[in-house]
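Worth saying up front: this structure is predicted, and the values here are computed from it rather than measured. Here is how names work: the chains are called A, B, and so on, in the same order as the sequence lines, proteins then strands, and each is numbered from 1.
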There are 2 protein chains.
Amino acid sequence: MKYGVTKDYVLNLEVVLPTGEIIWTGANVLKNSTGYNLTQLLTGSEGTLGIITKIVFRLIPLPKHNLLMLAPFFSAIKAVEAVSAIFRAGITPSAMEFLERDAIDWALKYVDGISVKVKDEVQAHLIIEVDGNDREVLMKECEKIMEVLQQFECDEILFADTQEQKNALWKMRRSVAEAVKTHSVYKEEDTVVPRAELPALLAGVKEIGRKYGFQSVCYGHAGDGNLHVNIIKGNMDNEQWKNVLPQGIREIFQLCVKLGGTISGEHGIGWVQKEYMDIAFNDKSRALQKQIKLVFDPNGILNPGKIWI
Amino acid sequence: MKYGVTKDYVLNLEVVLPTGEIIWTGANVLKNSTGYNLTQLLTGSEGTLGIITKIVFRLIPLPKHNLLMLAPFFSAIKAVEAVSAIFRAGITPSAMEFLERDAIDWALKYVDGISVKVKDEVQAHLIIEVDGNDREVLMKECEKIMEVLQQFECDEILFADTQEQKNALWKMRRSVAEAVKTHSVYKEEDTVVPRAELPALLAGVKEIGRKYGFQSVCYGHAGDGNLHVNIIKGNMDNEQWKNVLPQGIREIFQLCVKLGGTISGEHGIGWVQKEYMDIAFNDKSRALQKQIKLVFDPNGILNPGKIWI
């Protein structure tokens with residue numbers, strides 16, 4: 001299964017409640033319409049409803065083959081435009097990652113041993129993987145992807161022929177966060193929108209950055225519409241960073257919601273995003289969720305202060 | 001995506017609450033870790049928490065081809081043993097339906113125009129479909145499935161070559177419930193277990209039937225571990241049907257839970273299964289779920305009497 005999200009693989013949970021009582025949320029089955037879906041209610045609840053002590057996952061067969069390609073673009077907006085075009089062509093890649101030029105540069109500058117060459121004119125990369133059990137089918141899928149990519153002014157596409165080359169591409173992608181986080185004061189936003197709205201999101205983030213005077217490094221799981229926006233402190237003074245930037249972040253999240261998305265795709269809310277929950281949910285929805293919290297944890301002893309103000 | 005369940009395709013819901021207030025449960029995105037998962041909490045809640053007025057689904061490309069085969073078995077237990085063996089061989093069919101002999105006979109006897117020939121010795125059918133974009137890959141998958149099936153004393157396998165033949169097989173499968181329901185007083189149980197436990201479930205259902213003196217017609221979505229057990233009134237008198245049978249049904253559901261399953265795979269609880277909820281959930285879990293019901297519907301005006309006693 002491709003582009004399934006983790007929660008869809010979670011079938012059943014053993015949960016210790018704050019009262020010390022233990023429940024199983026569901027059953028070890030693929031289909032379940034017995035009572036309310038506590039399994040998915042607990043999944044992603046950030047430890048605020050109960051302590052998960054056992055998880056039953058659904059497993060799927062490991063695909064035998066995968067092919068990985070690197071597509072360089074002369075425009076970051078064109079790169080994210082290509083993302084939904086590939087899905088619209090009927091192809092469902094197993095991974096589709098986006099890196100804007102700054103993200104590539106941070107990774108190459110600060111992390112050793114990434115042997116990926118990047119031309120000066122390149123403004124973004126898409127890393128695209130397809131997987132399956134039949135190599136020829138995957139080759140055909142890659143050909144179709146290449147056809148689509150050509151329509152978005154893509155430069156020459158690199159196929160990772162060896163496991164070493166594959167490792168280099170994945171290392172570049174995976175090193176961005178590390179590079180940014182160890183070499184700058186930063187804030188990471190975990191924006192998510194319908195994937196066809198990625199171009200509007202990326203353009204909007206840059207515009208908001210110009211308005212508030214911050215630099216952002218954007219990259220992430222473009223196939224999921226999930227764009228990580230790392231905001232770099234750079235030349236901002238402490239006053240701007242502490243008191244002005246949150247308004248800029250608020251505008252980014254308002255844009256996400258306006259585009260049909262929300263304020264966290266995979267990182268969760270925790271301490272740092274809870275002040276933005278009013279953008280994602282109306283008063284009634286937040287009130288309902290807080291009441292659910294009280295049903296499970298009437299004394300508020302589980303991860304106090306997280307998600308809810 | 002194969003063997004995904006409906007809830008996994010539901011991304012966002014507009015819900016009218018019993019207070020008249022309106023919420024959206026999530027966002028129109030594939031990944032969402034913002035607050036609690038109200039979307040999946042509401043999905044399958046049988047109208048007891050709110051009225052769903054809009055649904056945002058995730059769509060996947062329609063596969064270009066499918067192949068359909070009918071595998072007759074001389075033993076119903078062998079047929080359901082073959083089910084998990086096919087998945088273990090790395091094949092994920094898009095459909096895998098089971099019919100025991102009685103189910104086949106009810107369909108052929110009471111529904112007109114099903115042109116499927118069945119030998120006297122055949123005790124069960126599996127209807128197996130694979131789908132995808134490459135016919136050759138599908139042919140290979142079918143060959144692999146046939147290899148597996150041979151290990152379970154399968155008779156000659158029929159490939160549905162034409163759309164007419166496919167329609168006939170699906171009509172046979174889909175007519176079972178109709179045939180039973182229009183020609184007998186019946187109760188339908190919607191059992192579900194991990195698919196590897198189907199043989200134990202089927203054998204157990206028959207044993208419980210012998211103990212309580214009822215006949216059952218078993219069929220359903222074997223690939224999901226979801227076995228419909230249609231209990232026929234047959235020669236049971238009203239006293240047995242009303243007062244003794246429920247204990248037999250209780251034993252069936254206890255067996256499901258013992259095997260890692262639960263009491264409804266897809267039909268839900270409604271009025272008729274709510275007396276068995278104590279088998280699926282312990283006291284604390286039922287209490288939590290009832291409190292969630294009260295959070296959404298404090299006056300109990302939504303589908304009163306459903307799911308909860």
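- Between the CD1 atom of I22(A) and the OG atom of S285(B) there is a distance of 13.0 Å, given to the nearest 0.5 Å.
- Counting heavy-atom pairs closer than 4.5 Å to chain B, the top residue among V137(A), L41(A), L42(A), N32(A) is N32(A).
- We find the OH-CH2 distance between Y36(B) and W308(A) to be 6.0 Å, quoted to the nearest 0.5 Å.
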Please evaluate residues I292(A) and F296(B) with respect to the criterion side chain to side chain contact (heavy atoms under 4.5 Å, CB included), reporting the C-alpha separation (whole Å), side-chain torsions for both, the decisive distance (0.1 Å), and the verdict. CA-CA 9 Å; I292(A) 291 172; F296(B) 281 81; 3.9 Å; yes

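- Contacts with chain B (heavy atom to heavy atom, under 4.5 Å) involve these residues of residues 12-20 of chain A, listed by number: L17(A), T19(A).
- For the pair I23(A)/F281(B), no side-chain contact is recorded, criterion being any heavy-atom separation below 4.5 Å from C-beta on.
- S264(A) places no side-chain N or O within donor-acceptor distance of the main-chain N or O of T34(B), the cut-off being under 3.5 Å.
- Contacts between E46(B) and chain A at a heavy-atom distance below 4.5 Å involve the side chain alone, from C-beta outward.
- Taking every heavy atom of both residues into account, H267(B) and S33(A) meet most closely at N-OG, 3.3 Å.
- Contact count versus chain A (heavy atoms, under 4.5 Å) is highest, among L288(B), D134(B), I307(B), for L288(B).
- With N226(B) contributing its side chain and V29(A) its backbone, the two residues share no donor-acceptor pair below 3.5 Å.
- At a threshold of 4.5 Å between non-hydrogen side-chain atoms, the residues L30(B) and R195(A) count as touching.
- Contact tally against chain B (heavy-atom pairs below 4.5 Å) for D190(A), N133(A), T43(A), L49(A): the top residue is L49(A).
- Of the residues considered (G268(A), G265(A), A27(A)), G265(A) shows the highest number of contacts with chain B, using heavy-atom pairs under 4.5 Å.
- Of all residues spanning residues 254-262 of chain B, those with a heavy atom less than 4.5 Å away from chain A's heavy atoms are G260(B), G261(B), T262(B), arranged by number.
- Here P194(A) is the residue among P194(A), A287(A), G26(A), G44(A) with the most heavy-atom pairs under 4.5 Å with chain B.
- For chain B, the nearby part of V193(A) is the backbone; its heavy atoms alone come within less than 4.5 Å.
- How far OG of S45(B) is from CG of N37(A): 10.0 Å, rounded to the nearest 0.5 Å.
- With a 4.5 angstrom heavy-atom cutoff, E21(A) touches chain B only via side-chain atoms.
- Residues D224(B) and K31(A) share a closest heavy-atom pair of OD2-CD, 3.0 Å.
- Put simply, of E197(B), E136(B), K293(B), the one with the most heavy-atom pairs under 4.5 Å next to chain A is K293(B).
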